[in-house]
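Numbered from 1 within each chain, the chains take letters A, B, ... in sequence-line order. These figures come from a predicted structure and were not determined experimentally. Values reported hereafter were calculated over all heavy atoms of this structure, with side chains retained and with hydrogens, waters and symmetry mates removed.
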Number of protein chains: 2
Amino acid sequence: MGPKRQPTLDEVAARAGVSRSAASRVINNARHVSQAKREAVERAVAELGFVPNPAARALANQQVGAVVLALSHHDPALFTDPFFAQIILGVNAELEKTELELLLVLADTAQGQTRLQRILRSRRADGVMLMALHGDDPLAALADQHDIPVVFGGRPLHAEPRWYVDADNRGGSRLATEHVIGLGRRHVAVITGQMDTEAATARHRGYLDAMAVAGLDPARVEHSDFTEPGGAAAMTRLLAVHPEVDAVVAGSDAIAAGALRALKAHGRTVPGDVAVVGFDDLQTALHTDPQLTTVHQPVHGLGRELAKMLLSLIAGEQPHPLILPTRLVRRASA
Amino acid sequence: MGPKRQPTLDEVAARAGVSRSAASRVINNARHVSQAKREAVERAVAELGFVPNPAARALANQQVGAVVLALSHHDPALFTDPFFAQIILGVNAELEKTELELLLVLADTAQGQTRLQRILRSRRADGVMLMALHGDDPLAALADQHDIPVVFGGRPLHAEPRWYVDADNRGGSRLATEHVIGLGRRHVAVITGQMDTEAATARHRGYLDAMAVAGLDPARVEHSDFTEPGGAAAMTRLLAVHPEVDAVVAGSDAIAAGALRALKAHGRTVPGDVAVVGFDDLQTALHTDPQLTTVHQPVHGLGRELAKMLLSLIAGEQPHPLILPTRLVRRASA
DNA sequence: GGGAAAACTGGGAGCGCTTCCAGTTGGAAC
DNA sequence: GTTCCAACTGGAAGCGCTCCCAGTTTTCCC
């Protein structure tokens with residue numbers, strides 16, 4: 001920590017022997033600067049190690065040079081899910097191409113909500129990405145209340161936002177269900193995530209779709225959260241109520257991992273006695289025993305598209321909502 | 001997105017019938033404001049929904065109201081480790097008590113490095129938390145190059161930063177090793193993380209400490225990265241070279257999980273044939289089969305302490321480096 | 001009731017950068 | 001040589017907020 005103040009544009013201009021305006025034009029490589037002055041300024045910039053002050057820039061420009069990624073989840077433990085890590089990586093990958101910084105807001109608590117509100121109101125960012133909304137989430141309404149672009153990752157339960165990126169949850173889940181039915185399983189159960197999320201309900205619908213087409217009874221259902229312990233607990237309940245179950249379509253890989261553990265504890269073999277299909281296709285799916293047959297959703301891509309959509313919105317374009325395809329990945333568990 | 005411009009301090013002042021200075025004093029609840037004016041201003045603020053513009057504030061104040069958490073890792077996949085999620089949660093928990101925003105920088109690529117440089121130079125943040133440095137990491141040197149507080153999470157390999165928070169890696173690893181020795185194991189191996197990290201080398205040293213005390217041969221060592229596949233590969237190598245191994249001290253839970261998988265694949269039972277001890281005590285440790293005996297390190301707490309240290313540094317205090325205790329958690333694998 | 005100390009008050013000068021605008025310049029065309 | 005136009009140039013006015021400071025009002029003692 002040496003107290004060296006950063007040089008200002010004025011100092012750069014002085015050193016280069018030009019006016020501040022000219023220097024500014026060079027920095028922003030605008031037109032109307034002669035080659036000579038441009039080079040002089042560039043030299044001065046390099047020599048002084050000048051970096052424009054973002055606060056001053058933001059003030060003059062009315063743009064901040066930062067966007068926020070808000071992760072809304074009621075349970076901090078959920079943030080531990082590699083899903084979010086992949087989203088962040090995806091967003092980051094896209095942002096790295098720009099000069100924009102990433103503000104991370106964990107809007108789980110009431111604290112976080114207020115925080116996000118404040119950010120929106122005060123123009124601390126040029127745009128917002130909002131992830132994983134629960135049904136009662138007040139964040140959803142925030143979008144059109146403020147003069148700032150907001151894109152959604154996934155959809156809120158009871159609203160269709162103007163801009164969002166989502167995965168084809170329903171289609172993917174249908175694929176998964178069809179797969180186990182194709183395997184000859186007839187007592188197919190489903191373990192959902194929180195039903196106050198769009199993802200969980202859509203995946204449940206996919207299951208219903210497939211079961212209806214096959215003419216099978218879709219009544220074997222347990223609700224859970226998106227965690228491993230939740231999945232294990234749900235599986236245990238399922239075995240108690242429907243001991244005949246011979247396949248499980250899980251709402252996520254974590255749930256499937258939990259189900260696997262519970263099945264093993266109850267002496268059932270996988271996929272022998274019970275076939276299990278997950279959803280997400282994260283690293284976890286490779287580390288279970290047996291490895292998980294699962295529905296792949298492009299999580300990293302979702303993050304990237306989220307960022308891209310926001311960028312194009314900030315650039316004044318009018319992007320279309322996006323639904324990314326999902327596909328079945330066959331491994332050992334089904 | 002309604003184009004409602006946010007009100008400015010001037011408008012608030014006008015509405016409250018006071019000067020801008022007075023209004024500013026109220027906002028920052030400084031002294032020298034009569035009760036009457038204070039209330040008038042507060043009313044105006046509420047009515048107008050005024051929120052101070054951070055850019056203007058930053059410009060006038062010379063403080064930004066944001067800190068950055070920089071995660072340096074050479075492999076994006078590593079970021080997926082729940083370890084980082086916990087760190088982020090811990091940091092966030094502490095930051096929520098303040099008005100500071102969190103800037104997330106993934107400094108894995110050269111891009112990220114430049115980015116961090118730029119942030120430091122341009123005073124885009126009031127402080128920096130730097131995590132997980134590899135030995136050759138140029139980030140380490142950044143600390144004292146700029147007039148901005150920097151605290152380290154973990155230590156760089158060849159440097160002792162002025163301010164850091166770390167876990168007692170050496171002590172924890174020694175505990176783990178002593179534990180398996182106490183179990184009667186004599187052919188104790190170690191699988192390390194990347195040896196260009198301080199954490200991995202310190203944990204290796206802990207193993208050496210315990211082996212020396214017990215008078216055992218500390219030569220069974222394999223190096224790996226901190227991932228599950230890495231752990232599995234290392235375990236396989238270990239079995240090939242030292243088939244007599246009866247205990248493994250792993251450099252992380254992920255490594256241990258991989259080792260477990262490899263052991264099972266090679267027909268060894270755990271803990272029967274081989275005892276396995278992990279390090280971290282993250283969720284993963286509960287989801288392996290058998291559940292992992294492991295060294296607990298307070299990751300969330302590490303994040304919190306990291307943030308607290310930075311805050312106190314920003315507040316002008318001189319905090320001391322901190323080493324958080326680790327402890328052995330006994331479960332089924334050893 | 002007088003005087004000094006304490007408590008307010010608002011004007012104004014920045015913080016560092018962008019950008020409008022009224023000039024200048026330098027050629028090319030005539 | 002003019003004339004004109006496009007390409008430059010730099011002064012100046014902000015962007016919204018903080019804070020110093022000189023001036024004004026209150027409050028408090030004796």
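A:R57 and A:Q62 are not linked by any side-chain donor-acceptor pair at a separation below 3.5 angstrom, with hydrogens and angles left out of the test. Side-chain N/O atoms of B:R304 and B:N92 include no donor and acceptor closer than 3.5 Å.
Atom CG of A:L9 is separated from atom P of D:dG11 by 14 Å (rounded to the nearest Å). Distance B:K37 NZ to C:dC8 C1': 8 Å, rounded to the nearest Å. When the C1' atom of D:dC19 is taken as reference, atom CG of B:L59 falls 14 Å away, rounded to whole Å. For the pair A:Q63 CD and C:dC17 P, the interatomic distance rounds to 16 Å; values are reported in whole Å. Following rounding to the nearest Å, A:D10 (CG) and C:dG16 (P) show an atom-to-atom distance of 9 Å. Look at CG on A:L48: it is 14 Å from P on C:dG16, rounded to the nearest Å. Atom pair B:E39:CD and C:dC8:P shows a separation of 13 Å (rounding to whole Å applied). Rounded to an integer number of Å, the gap from CD of B:Q35 to C1' of D:dT26 is 16 Å.
If you check D:dG16, C:dG10, D:dA13 against the side chain of B:R25, the one that comes closest is C:dG10. In the set C:dC17, D:dC15, C:dT9, C:dC17 carries the atom at the smallest distance from any side-chain atom of A:F50. Checking D:dG16, C:dT9, C:dC17 against the side-chain heavy atoms of A:Q62 singles out D:dG16 as nearest. Side-chain proximity of B:R20 to the nucleotides D:dC17, C:dC15, C:dT18 is greatest for D:dC17. For B:H32, whose side chain is taken as the heavy atoms from C-beta onward, the closest listed nucleotide among C:dC17, D:dG16, C:dT9 is C:dT9.
Toward the 5′ end of DNA chain C lies the nearest nucleotide of B:V33, the other residue of the pair A:A22 and B:V33 mapping further downstream.
Under 4.0 angstrom from either OP1 or OP2 of C:dT18 there lies at least one side-chain N or O belonging to A:N28. Phosphate contact (OP1/OP2 of D:dT9, side-chain N/O of A:S34, threshold under 4.0 Å): present.
Residue contacts for A:S21: at a heavy-atom cut-off of 4.0 Å it reaches a base atom on one of the strands shown. Residue contacts for A:S24: at a heavy-atom cut-off of 4.0 Å it reaches a base atom on one of the strands shown.
Here the closest non-hydrogen pair linking A:R25 and A:R38 is O-NH2, 4.3 Å. Of all non-hydrogen atoms in A:L302 and A:G153, the two that sit nearest each other are CD2-CA, 4.5 Å.
The shortest side-chain heavy-atom distance between A:I148 and A:V128 falls under the 4.5 Å cut-off.
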